[in-house]
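Step one of this worksheet: look at the structure below.
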Amino acid sequence: MQILSFALQTQLELFLEQLQNLIDESLILILEQQSQNFIYEYGTSELNQKSMSTLKDSILSSELHDGMVQLPDSPSHYLLTRKKLKVLDQAFIGEIFLFQPVTLNTVKPKAQKQLSLAETFHSQSSSMQHMFSIIERVAITEFPVLVRGESGSGKELVAQAIHEYSHRSRHPFIAINCAALNASLLESELFGHVKGAFTGAIREHKGVFERAAGGTLFLDEIAEIPLELQAKLLRVLEIGEFTPLGGEKSIKSNVRIVAATHRALREEAKSGRFRQDLLYRLRVIPIFVPPLRDRKEDIPLIVEYLLNEHRTTPQAPSLSDAAMNTLMHYDWPGNVRELKNTLLYALAMANGRPEITVSDLPDEIVHGLQDSESEPETIEQPALLKSTKLDAYTLQQTLKKYQYDLGLAAQALGISRTSLWRYRKKFGL
């Protein structure tokens, strides 16, 4: 059984407060191990005394296990999650029991969920099965989720899976790339604006927090949000309200937040680029998406799916053994996105032939086998950096080389991320 450990009692109290705000109509019980007394109850006032007593007896007799349960004398079904609980400054050891109401016709058998997720991600690897298990358990909660993973690994697909398996699945799923907009446009896109809020605001605009009401909001590349906007986002997460730009009336926020980044937010927070308090608000449930190089047994499944999806003839072409071997030995720094682009290139080169060979693959994939066995890649400092000017072509090629990873591109160019943003704006890239 997993353990929830808190250094201070105040940290536990903050966690319970967040739990109450995030999950409506739930029951929370905390049992002290030594005395076998229930020292904390939340949401139990709707149960009569007899039902509450029967429920506690069932817990004490170890009759209740994780999963679907029906409370005594109640037609309602709940999903029970129980975890060991420790509070170090109080030397407290116990268990926390969380009962979340569910509608039976929206709950799928566990095996069916795993099969569906395996099909969605075209995966058979153990590392992905572990991720699927986390998705299943977290989807039925309202906790904020932070998805970590390299560029092209499928972070948005994880967010969509969480939404589809949640109670919000009938409501909108909206994704926004926080790195694609400058600060002012991003603020408007997040929170909306009223008519006349700024020059050019000729009509009212609803932001994604409002458009995704009842559903899930996916904030991709969350580490790229400017510090001033991080403070406003934190306030929304803390009080559950936001105000459109230029507006006076606050709007209640009713979205489930899933954020994603390829950066280590703890390191970003240490360097002062990301607010630590926002980090803790977003990183309630962390999910890590394994890179493709760590689950190469999935490559044949992904290849089969992509070739069928993009076939131009009744029968999708197959890969020769040598071509498949080449793909299996490449490390895929761009992950599934790079694999998809590679297969699209190969399909074009094969030009309708029934088999894709090594000669149909991009040169960098074929020769990448030799490169991967030599010394690791280092970020080169281009000769252009000896000049104080940066041209559009060089910027574009550098962004492509580093898969639009803004941090690596800025490092390679020898400029700050702020300067990189200014050049991108200047050249329209």
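Because only heavy atoms are used, hydrogens play no part in the values below, and waters and symmetry mates are left out as well, while side chains stay in. The first residue of the sequence shown is numbered 1, and numbering continues consecutively from there. From a predicted model like this one, the values you see are computed outputs, not experimental measurements.
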**Item:** Side-chain donor-acceptor contact under 3.5 Å, Glu32 with Ser35
**Value:** yes
**Request:** Evaluate the side chain to side chain contact (heavy atoms under 4.5 Å, CB included) criterion for residues Gln11 and Leu14: first the C-alpha distance (whole Å), next the side-chain angles of each, then the deciding distance (0.1 Å), finally the verdict.
**Result:** CA-CA 5 Å; Gln11 294 175 336; Leu14 177 60; 5.7 Å; no
**Message:** Looking at every non-hydrogen atom in both residues, tell me the closest pair between Ala223 and Thr261 and how far apart they are.
**Reply:** CB-OG1, 3.6 Å
**Prompt:** Is Glu189 close to Ile176 at the side-chain level, that is, under 4.5 Å between some pair of heavy atoms?
**Reply:** yes
**Item:** pair Thr216-Val255: side-chain heavy atoms closer than 4.5 Å
**Value:** no
**Prompt:** How long is the span from the CG atom in Leu12 to the CD1 atom in Ile96, to the nearest 0.5 Å?
**Reply:** 7.0 Å
**Prompt:** Is the shortest distance from a Lys or Arg side-chain nitrogen in Arg235 or Glu238 to a carboxylate oxygen in the other one below 4.0 Å?
**Reply:** no
**Item:** Atom pair CD1 (Ile59) and OG1 (Thr54), whose distance is rounded to the nearest 0.5 Å
**Value:** 11.5 Å
**Taking every non-hydrogen atom, the tightest pair across Arg337 and Ser151** = NH1-C, 3.8 Å
**Request:** State the CZ-OG distance between Phe97 and Ser58, to the nearest 0.5 angstrom.
**Result:** 11.0 Å
**Request:** Return yes if some donor-acceptor pair links the side-chain N/O of Arg256 with the main-chain N/O of Phe143 below 3.5 Å, else return no.
**Result:** yes
**Asked** Do Leu29 and Tyr42 touch side chain to side chain, with heavy atoms closer than 4.5 Å?
**Response** no
**Message:** Between the side chains of Glu268 and Arg273, is the shortest nitrogen-to-carboxylate-oxygen separation below 4.0 Å, so that they form an ion pair?
**Reply:** yes
**Asked** Taking atom types as modelled, is there a side-chain donor on Glu164 or Gln160 under 3.5 Å from an acceptor on the other?
**Response** no
**Asked** Looking at CG of Leu237 and OG of Ser253, how far apart are the two atoms once the value is rounded to the nearest 0.5 Å?
**Response** 7.5 Å
**Asked** Looking at Lys206 and Arg211, what are the two nearest heavy atoms and their distance?
**Response** O-NH1, 2.6 Å
**Asked** Rounded to the nearest 0.5 Å, what separation is found between the CG atom of Leu265 and the OH atom of Tyr280?
**Response** 11.0 Å
**Item:** Those residues that, when tested against Phe38, pass ring-ring contact (aromatic ring centres under 6.0 Å, His included) (two or more places apart)
**Value:** none
**Prompt:** Would the number of heavy atoms belonging to other residues, nucleotides or ligands and lying under 6.0 Å from CD of Glu248 be above 12?
**Reply:** no
**Message:** Between Val158 and Met131, is the side chain to side chain contact (heavy atoms under 4.5 Å, CB included) condition met? List the steps.
**Reply:** CA-CA 9 Å; Val158 171; Met131 187 187 78; 3.9 Å; yes
**Request:** Could you please spell out the steps behind the side chain to side chain contact (heavy atoms under 4.5 Å, CB included) verdict for Glu142 and Arg168?
**Result:** CA-CA 9 Å; Glu142 290 289 315; Arg168 295 176 174 267; 2.9 Å; yes
**Message:** In the structure I gave you, are the side-chain heavy atoms of His262 and Arg148 within less than 4.5 Å of one another anywhere?
**Reply:** no
**Enclosure of Glu304 CD (heavy-atom neighbours >12, cutoff 6.0 Å)** = no
**Asked** Are any non-hydrogen side-chain atoms of Asn341 and Leu339 less than 4.5 angstrom apart?
**Response** no
**Basic-acidic side-chain contact under 4.0 Å: Arg263, Glu221** = no
**Gln9 backbone acceptor or donor facing Asp89 side chain under 3.5 Å** = yes
**Request:** Output, in order, the C-alpha distance, side-chain angles, deciding distance and verdict of side chain to side chain contact (heavy atoms under 4.5 Å, CB included) for Phe191 and Lys232.
**Result:** CA-CA 10 Å; Phe191 310 120; Lys232 295 185 178 182; 4.0 Å; yes
**Request:** Might you point out which heavy atoms bring Pro172 and Ala213 nearest each other, and give the distance in Å?
**Result:** CD-O, 3.8 Å
**Nearest heavy atoms of Gly272 and Leu227, plus distance in Å** = O-CD1, 3.7 Å
**Message:** Is it the case that over 12 heavy atoms from other parts of the model lie below 6.0 angstrom from the CD atom of Gln276?
**Reply:** no
**Prompt:** Phe218 vs Phe173 aromatic rings, parallel, tilted or perpendicular, using cut-offs 30° and 60°?
**Reply:** parallel
**Prompt:** For Ile251, what residues pass the side-chain contact (heavy atoms from CB on, under 4.5 Å) criterion, not counting sequence neighbours?
**Reply:** Glu210, Phe242, Pro244
**Request:** Count the heavy atoms belonging to other residues, nucleotides or ligands that lie under 6.0 Å from CD of Glu228, then report whether that count exceeds 12.
**Result:** yes
**Side-chain ion pair, Lys252 and Glu241, N-O less than 4.0 Å** = yes
**Contact check, side chains of Glu187 and Leu181, non-hydrogen atoms, under 4.5 Å** = no
**Message:** Is it the case that the side chain of Arg137 and the backbone of Ser133 share a donor-acceptor pair, with hydrogens and angles ignored and the cut-off at 3.5 Å?
**Reply:** yes
**Asked** Would you find a donor on one side and an acceptor on the other, under 3.5 Å apart, between the side chain of His167 and the backbone of Ala139?
**Response** no
**Message:** Does atom NE2 (His130) have a neighbourhood of more than 12 heavy atoms from anything else shown, all under 6.0 Å?
**Reply:** no
**Complete:** Minimal heavy-atom distance between Phe121 and Ala161, with the atoms involved, is CE1-CB, 4.2 Å
Between side-chain atoms of residues 282-296 and protein atoms elsewhere (two or more places apart, or another chain), which donor-acceptor pairs fall under 3.5 Å?
residue : atom : partner : partner atom : Å
Arg293  : NH1  : Glu150  : OE1          : 3.0
Arg293  : NH1  : Glu150  : OE2          : 3.2
Arg293  : NH2  : Glu150  : OE2          : 2.4
Arg295  : NE   : Pro290  : O            : 3.3
Arg295  : NH1  : Asp298  : OD2          : 3.0
Lys296  : NZ   : Met328  : O            : 3.1
Lys296  : NZ   : Tyr330  : O            : 3.1
Lys296  : NZ   : Asp331  : OD1          : 3.3

**Prompt:** Looking at Glu95 and Lys83, does any basic side-chain N land under 4.0 Å from a carboxylate oxygen?
**Reply:** no
**Asked** Counting only heavy atoms not in Lys56, do more than 12 sit closer than 6.0 Å to its NZ atom?
**Response** yes
**Request:** Report yes if some heavy atom in the side chain of Tyr40 is under 4.5 Å from a heavy atom in the side chain of Leu31; otherwise report no.
**Result:** no
**Asked** How long is the gap from OG1 on Thr10 to CZ on Phe15, to the nearest 0.5 Å?
**Response** 14.0 Å
**Request:** Indicate yes or no: at least one non-hydrogen side-chain atom of Leu80 is less than 4.5 angstrom from one of Leu98.
**Result:** no
